[in-house]
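Computation of the quantities below employed the complete heavy-atom set of this structure, encompassing side-chain atoms and omitting hydrogens, waters and symmetry-equivalent molecules.
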Amino acid sequence: MAARHRMWRSVLVAAAWGSVAVVVTGAIGAASVVVSGWLARGVEEANGDRRTALERSSLGEYFGGVSAVFSGLALLLLVATLLLQQRELRMQRHELAMQREELVSSRNELHRSAEADLRALHVQLTQMAMDDPALAEVWNDFPGESPQTLRQNLFANLTFSHYLLVYKWGGITDAELVARAGTLVQSPAFNRYWEASRGAKEVLPPDTDEGRLFRIFESAIRAAQQPDAPPPPA
């Protein structure tokens with residue numbers, strides 16, 4: 001709101017300066033005509049008639065000098081006004097750029113806040129399913145599993161989602177994530193969950209955070225199963 005007020009104030013200032021330039025230029029032009037006429041009448045009165053005045057044409061050089069001075073002043077004022085308007089426009093562009101940056105920052109913050117809220121809801125629903133296996137049957141992600149295995153799979157999925165969120169927010173590097181994944185895949189319970197959910201994760205687009213995280217865990221599992229195998233090409 002303050003930035004918009006400053007922008008409108010700059011526009012009004014530029015318009016005011018433009019109006020002042022037009023008025024002053026007109027006034028200078030009118031003053032030139034009046035002064036020229038006054039000088040002409042003074043010369044006529046001093047010399048008796050127009051003919052005598054015209055014969056002394058050298059006086060016209062003074063009139064030309066006066067007109068040149070007024071024209072020069074008008075030009076300088078016009079240039080000064082244009083420079084001020086250019087400065088105001090530059091300030092407006094800067095303020096608009098700052099507003100765009102603020103909007104982008106606010107949009108990113110709102111996105112992260114909404115994502116955090118969804119994450120909290122997901123954790124709450126998973127906790128409810130872990131506490132009551134009958135509720136987990138609604139999702140039916142791991143049909144036919146015992147209550148203990150179902151709770152372990154839900155917790156493993158919650159752990160994977162946690163690392164995904166941290167990875168998306170830049171809170172962990174690829175090297176740190178590989179180390180964490182190498183520890184998780186040592187757990188038989190996590191490997192059981194991974195085998196049960198691999199089919200759903202394989203179809204993830206490879207250029208998304210989910211797809212990259214899936215490939216990291218897959219590499220960690222292959223490294224754990226075949227410690228002597230060379231690492232996959234990047």
Side-chain angles (χ1 to χ4, degrees), residues 94 96-234:
H94 179 68
L96 289 175
M98 293 180 61
Q99 289 182 16
R100 285 194 295 268
E101 292 178 358
E102 292 177 357
L103 288 175
V104 171
S105 178
S106 299
R107 183 178 60 188
N108 292 338
E109 189 63 29
L110 287 174
H111 177 75
R112 293 188 63 168
S113 178
E115 191 173 12
D117 291 340
L118 289 175
R119 170 67 176 170
L121 179 60
H122 177 257
V123 172
Q124 183 180 1
L125 293 175
T126 303
Q127 183 64 47
M128 293 172 62
M130 292 172 63
D131 294 339
D132 187 355
L135 297 179
E137 294 179 2
V138 176
W139 283 350
N140 199 31
D141 289 337
F142 308 101
E145 298 289 353
S146 65
Q148 179 180 351
T149 301
L150 181 60
R151 283 193 292 268
Q152 289 176 344
N153 287 345
L154 290 174
F155 184 79
N157 182 68
L158 197 61
T159 303
F160 179 80
S161 299
H162 168 73
Y163 281 119
L164 174 60
L165 187 62
V166 175
Y167 183 64
K168 290 177 66 175
W169 286 3
I172 190 172
T173 64
D174 287 0
E176 293 173 343
L177 193 56
V178 169
R180 301 286 182 85
T183 301
L184 280 176
V185 299
Q186 300 297 324
S187 169
F190 185 86
N191 284 328
R192 184 170 54 247
Y193 152 76
W194 194 260
E195 291 297 329
S197 61
R198 175 182 276 116
K201 291 181 173 60
E202 285 177 341
V203 298
L204 294 171
D207 58 341
T208 61
D209 293 325
E210 294 87 344
R212 287 190 288 270
L213 190 64
F214 169 73
R215 292 198 300 274
I216 289 175
F217 272 82
E218 281 286 283
S219 300
I221 291 175
R222 285 195 299 269
Q225 294 174 348
Q226 303 175 358
D228 298 332

Out of curiosity, [X] [atom1] to [Y] [atom2], how far, rounded to the nearest 0.5 Å?
X: Asp132; Y: Arg151; atom1: CG; atom2: CZ; answer: 10.0 Å
X: Tyr163; Y: Leu158; atom1: OH; atom2: CG; answer: 11.5 Å
X: Met98; Y: Leu103; atom1: CE; atom2: CG; answer: 12.0 Å
X: Leu165; Y: Leu213; atom1: CG; atom2: CG; answer: 11.0 Å
X: Lys201; Y: Glu218; atom1: NZ; atom2: CD; answer: 10.0 Å

With a 4.0 Å cut-off, would you call Arg198 and Glu195 a salt bridge?
yes
Looking only at atom types and distance, does a side-chain atom of Ser105 sit under 3.5 Å from a main-chain N or O of Glu101, one as donor and one as acceptor?
no
Any donor-acceptor N/O pair, Thr159 side chain to Phe155 backbone, under 3.5 Å
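Looks like yes, one N/O pair under 3.5 Å.
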Heavy atoms of other groups near Glu202 CD, more than 12 under 6.0 Å
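Check passes, neighbour count above 12.
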Test side-chain contact (heavy atoms from CB on, under 4.5 Å) applied to Arg107 - qualifying residues, sequence neighbours left out
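Val104.
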Parallel, tilted or perpendicular: which describes the rings of Tyr193 and Phe160, with under 30° parallel and over 60° perpendicular?
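Taking Phe160 first and then Tyr193, their aromatic rings sit tilted (interplane angle of 30° to 60°).
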With a cut-off of 3.5 Å and sequence neighbours excluded, list every side-chain donor-acceptor pair involving residues 172-179.
from, atom 1, to, atom 2, distance (Å)
Thr173, OG1, Glu176, N, 3.2
Asp174, OD1, Tyr167, OH, 3.1
Glu176, OE1, Thr173, N, 3.2

Considering all heavy atoms, the nearest Asn191-Val185 contact:
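Asn191 and Val185 have their closest heavy atoms at ND2-O, 2.8 Å.
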Nearest heavy atoms of Ala220 and Gly182, plus distance in Å
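Minimum heavy-atom separation between Ala220 and Gly182: CB-N, 4.0 Å.
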Could you give the side-chain donor-acceptor pairs of residues 203-211 under 3.5 Å, partners two or more places apart or in another chain?
from, atom 1, to, atom 2, distance (Å)
Thr208, OG1, Pro205, O, 2.7
Thr208, OG1, Gly211, N, 3.1
Asp209, OD1, Arg212, NH2, 2.5

